Amino acid sequence: QVQLVESGGGVVQVGGSLRLSCVASGRTFTTDAMAWFRQAPGKEREFVAATRWGGGPTYYADSVKGRFTFSRDNAKNTVYLQMNSLKPEDTAVYYCATGPRLVTTRESFNYWGQGTPVTVSS
């Protein structure tokens with residue numbers, strides 16, 4: 001069993017930055033994937049970024065490439081999503097998730113946090 005708790009969301013102006021955190025507790029493996037997804041009002045939950053606890057490549061959605069950075073601190077069981085140059089279309093509830101496969105489809109992730117809301121105001 002794994003528990004994930006996100007924090008760091010809030011309201012920010014266009015062009016601003018936020019850093020989201022996700023603390024994991026319970027049993028995780030270095031081969032497990034960690035991911036960020038987001039869900040805007042009235043839309044499907046979509047992939048943002050993913051990597052493995054143990055390192056390796058990080059994958060990003062095209063919409064956030066060059067603006068968002070996914071990092072991790074294994075000693076703290078924490079992953080981060082640094083979001084820069086924020087746009088109104090980044091407004092959503094952001095979720096972290098973990099699962100056995102490094103993929104971009106939400107169905108493959110079996111543990112989810114409660115989400116943290118991000119609002120980008122223009």
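Starting from 1, each residue takes its place in the sequence as its number. Hydrogens, waters and symmetry mates are skipped; everything else that's a heavy atom, side chains included, is used. All of these numbers come straight from a predicted model, not from anything done at the bench.
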TODO: Could you pull out the closest heavy-atom pair between Leu102 and Ala33, with the gap in Å?
DONE: CA-CB, 3.7 Å

TODO: List the atom of Ala35, the atom of Ala50, and the distance in Å for their closest heavy-atom pair.
DONE: CB-CB, 3.8 Å

Open item on the list: For the CD atom of Glu6 and the CG atom of Leu81, what is their distance to the nearest 0.5 Å?
Closed with: 11.0 Å

Open item on the list: Quiz question: by atom type and distance under 3.5 Å, do the side chains of Asp73 and Thr78 form a donor-acceptor pair?
Closed with: no

Task: salt bridge (charged side-chain N to carboxylate O under 4.0 Å, His left out) partners for Lys65, two or more places apart - done: Asp62

Open item on the list: Taking side chain to side chain donor-acceptor pair (under 3.5 Å) as the definition, give me every residue that meets it alongside Glu107, ordered by chain and number, with sequence neighbours left out.
Closed with: none

TODO: For residues 88-122, pull every pair meeting disulfide bond (SG atoms under 2.5 Å apart), keeping only residues two or more places apart or in separate chains.
DONE: Cys22-Cys96

Open item on the list: Checking Arg52 now: which residues fulfil side chain to side chain donor-acceptor pair (under 3.5 Å) with it, not counting sequence neighbours?
Closed with: none

Open item on the list: Could you work out, with side chain to side chain contact (heavy atoms under 4.5 Å, CB included) as the rule, every residue matching Gln1, not counting sequence neighbours?
Closed with: Gln3, Tyr111

Task: Heavy-atom pair with the smallest gap, counting every atom of Thr116 and Gly9 - done: OG1-N, 3.0 Å

TODO: Compare all side-chain heavy atoms of Val79 with those of Trp36 and state whether any distance is below 4.5 angstrom.
DONE: yes

Task: Contacts of type side chain to side chain contact (heavy atoms under 4.5 Å, CB included), residue Thr119, not counting sequence neighbours - done: Val11, Thr91

Open item on the list: Let me confirm one number: the OG1-CG distance from Thr51 to Asp32, rounded to the nearest 0.5 Å.
Closed with: 12.0 Å

- [ ] Start with the C-alpha distance between Asn84 and Phe68, add both sets of side-chain angles, then the distance that settles side-chain contact (heavy atoms from CB on, under 4.5 Å), and finish with yes or no.
- [x] CA-CA 6 Å; Asn84 298 329; Phe68 289 13; over 6 Å; no

TODO: Just grab all the ring-ring contact (aromatic ring centres under 6.0 Å, His included) pairs involving residues 42-63, residues at least two apart or on different chains.
DONE: Phe37-Phe47

Open item on the list: Quick one, Trp112 and Val2 - any side-chain contact, counting heavy atoms below 4.5 Å?
Closed with: no

Open item on the list: Using the side chain to side chain donor-acceptor pair (under 3.5 Å) criterion, which residues pair with Thr104? Sequence neighbours excluded.
Closed with: none

Open item on the list: Run the side-chain contact (heavy atoms from CB on, under 4.5 Å) test on Val14 and Lys87 for me, step by step, so that the C-alpha distance in whole Å, both residues' side-chain angles and the decisive distance to 0.1 Å come before the verdict.
Closed with: CA-CA 5 Å; Val14 170; Lys87 305 175 181 180; 5.7 Å; no

Open item on the list: When you measure from the side chain of Gln13 to the backbone of Ser122, do you find a donor-acceptor pair of N or O atoms at a distance under 3.5 Å?
Closed with: no

TODO: Please name all residues satisfying side chain to side chain contact (heavy atoms under 4.5 Å, CB included) with Val118, sequence neighbours left out, ordered by chain then number.
DONE: Leu18, Leu20, Met83, Tyr94, Val120

Task: Minimum heavy-atom distance between Phe109 and Thr105, given as atom pair plus value - done: CD1-O, 3.4 Å

Task: side chain to side chain contact (heavy atoms under 4.5 Å, CB included) partners of Arg19, counting only residues at least two apart - done: Tyr80, Gln82

TODO: Sequence neighbours left out, what passes salt bridge (charged side-chain N to carboxylate O under 4.0 Å, His left out) with Asp90? Give chain and number order.
DONE: Arg38, Arg67

Open item on the list: Restricting to salt bridge (charged side-chain N to carboxylate O under 4.0 Å, His left out), what partner residues turn up for Arg106, sequence neighbours left out?
Closed with: Glu44

